[in-house]
Number of protein chains: 2
Amino acid sequence: MQLTNSQEEYLKTIYLLEKNKQKVRVTDIAQKMNITKPSVNKALRILKDLKLINYEVYGNIELTKEGRQNAKEIIKKQDTLEIFLIGILEIEKKQAEEEAKAIKHAMSKESIEKLDNYITKILDLGDLKCGYDVNNEKCRSCIKITARERLKKAKDSEIKI
Amino acid sequence: MQLTNSQEEYLKTIYLLEKNKQKVRVTDIAQKMNITKPSVNKALRILKDLKLINYEVYGNIELTKEGRQNAKEIIKKQDTLEIFLIGILEIEKKQAEEEAKAIKHAMSKESIEKLDNYITKILDLGDLKCGYDVNNEKCRSCIKITARERLKKAKDSEIKI
DNA sequence: TTAAAATGTTAGCGAAGGCTAACAAAAAAT
DNA sequence: ATTTTTTGTTAGCCTTCGCTAACATTTTAA
């Protein structure tokens, strides 16, 4: 079953809330996603039908095994994209997060896997700042400003929610 | 004015049809986008209101200056993404095109610009197949399988529509 | 333990962007 | 110059996913 972008956002949000709280509430989800409670309510009923969450009227909200599986994959996609946008393309953090969030639904698991591998390779390689000529001796020594460092910097400036 | 993904698809399609034909017709657009004529008709009325196309009932369809400007930017986005997905990540052509099409709306002009610059840099650098260690002598000589070559290959297999 | 506050639900609306059915106009063919 | 075919339009429906207004339930506090 192919989920919509909106549904993926719900799963992601519920997953992240579950990690911080014992009970996930409609209000929490609404707040985090910046939408209204009725919108959340409607979505939850659908996710329940899809067997991605357990949920009863006025009852608890929790991901099913399948829902959690989905959520993890979605989060992995977004994280990978953020790392690429921030660490490799040097896009400003907030902008990168926004774009990663919007892009992730469009990318297959396989493509994300390839991107992830590519990032690893590039991070190992370091960021060649000298004019990008591997035949040039200077390249060997310009690996000091790495994408890894940029990522660390972006991470440090993070605000805990 | 921020266009929707759907509206961008229409502009892109009209632009590409204009390049091949003297007159762009509702039927052409519907066929190319794989949707019905009434859907096209409705969209055209909106694009006209947005001053992105000139269009009268039973009349000609043509991009305005602003519409063409938008179309070019949209196509550039998709092309850049395709080059990255095919040439760098080595994603299979059809899959890459599909994903690029879906991703492009989410990416800003600036981010695409950065991606474009990055691709240029990597293409110049060549594709390091030897284990990705610039300190390794082998890296210097393994630039024979470049992303550029992969792109050429993908392009050669293209079917003219 | 009952009143107030917080939380959750239901009903129904609206925009986007597809669709079908039915009809109108234009172009092509006889 | 009619008829047929192709093309274009209109009307109205459906789904997704937001929203507000109104109400129900639960929790908290007096």
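Everything numeric here is computed off the predicted structure, so don't read it as measured data. The sequence lines fix the lettering, A, B, ..., with proteins before strands; numbering per chain opens at 1.
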Item checked: side chain to side chain donor-acceptor pair (under 3.5 Å), paired with B:Gln78, selected from B:Lys12, B:Glu8, B:His105 -> B:Lys12
Next item on the list: If a protein heavy atom is under 4.0 Å from the base, mark B; if only from the sugar-phosphate, S; if neither, -; do that for nucleotides 18-27 of chain C going 5' to 3'.
Entry: BBBB--BS--
Check: Under 4.0 Å between a Lys/Arg side-chain N and an Asp/Glu carboxylate O for A:Lys76 and A:Glu73?
Finding: no
Margin query: Nearest whole Å is fine: how far is D:dG8 P from B:Ile61 CD1?
Written below: 7 Å
Next item on the list: Rounded off to whole Å, could you give me the CD1-to-P distance for the A:Ile29 and D:dC17 pair?
Entry: 15 Å
Next item on the list: Would you mind telling me which of C:dT7, D:dT7, D:dT10 lies closest to the side-chain atoms of A:Thr27?
Entry: C:dT7
Checklist line | Spacing between B:Gln7 atom CD and C:dA15 atom C1', to the nearest angstrom | finding: 12 Å
Margin query: Using only atom types and a distance under 3.5 Å, with no angle test, would you say the side chain of A:Lys77 pairs donor to acceptor with the backbone of A:Ile112?
Written below: no
Notebook entry, point to check: For A:Leu44 and C:dT10, what is the distance between atoms CG and C1' respectively, to the nearest whole Å?
Noted result: 14 Å
Checklist line | Spacing of A:Asp49 atom CG relative to D:dT16 atom P, expressed in whole Å | finding: 11 Å
Notebook entry, point to check: Applying salt bridge (Lys or Arg N to Asp or Glu O under 4.0 Å), which residue pairs with at least one partner in residues 36-51 of chain B are found, sequence neighbours left out?
Noted result: B:Lys48-B:Glu56
Note to self: Measure CD/A:Glu9 against P/D:dT16 and give the value in whole Å, please.
What the structure shows: 18 Å
Notebook entry, point to check: Separation of A:Glu56 atom CD from C:dT7 atom C1', in whole Å?
Noted result: 18 Å
Margin query: Using the side-chain contact (heavy atoms from CB on, under 4.5 Å) definition, which of the options A:Glu97, A:Lys93, A:Gln95, A:Glu99 pairs with A:Leu85?
Written below: A:Glu99
Next item on the list: Would you kindly give the CZ-to-P distance between B:Arg45 and D:dG8, to the nearest whole Å?
Entry: 14 Å
Next item on the list: Sequence neighbours left out, what pairs pass side chain to side chain donor-acceptor pair (under 3.5 Å) with at least one residue falling in residues 57-72 of chain A?
Entry: A:Glu18-A:Arg68
Check: OP1 or OP2 of D:dT9 sitting under 4.0 Å from any side-chain N/O of B:Asn41?
Finding: yes
Next item on the list: Indicate whether OP1 or OP2 belonging to D:dT9 is found under 4.0 Å from a side-chain N or O atom of B:Tyr55.
Entry: yes
Margin query: For B:Lys101, is there any backbone N or O sitting under 3.5 Å from a side-chain donor or acceptor partner on B:Lys104?
Written below: yes
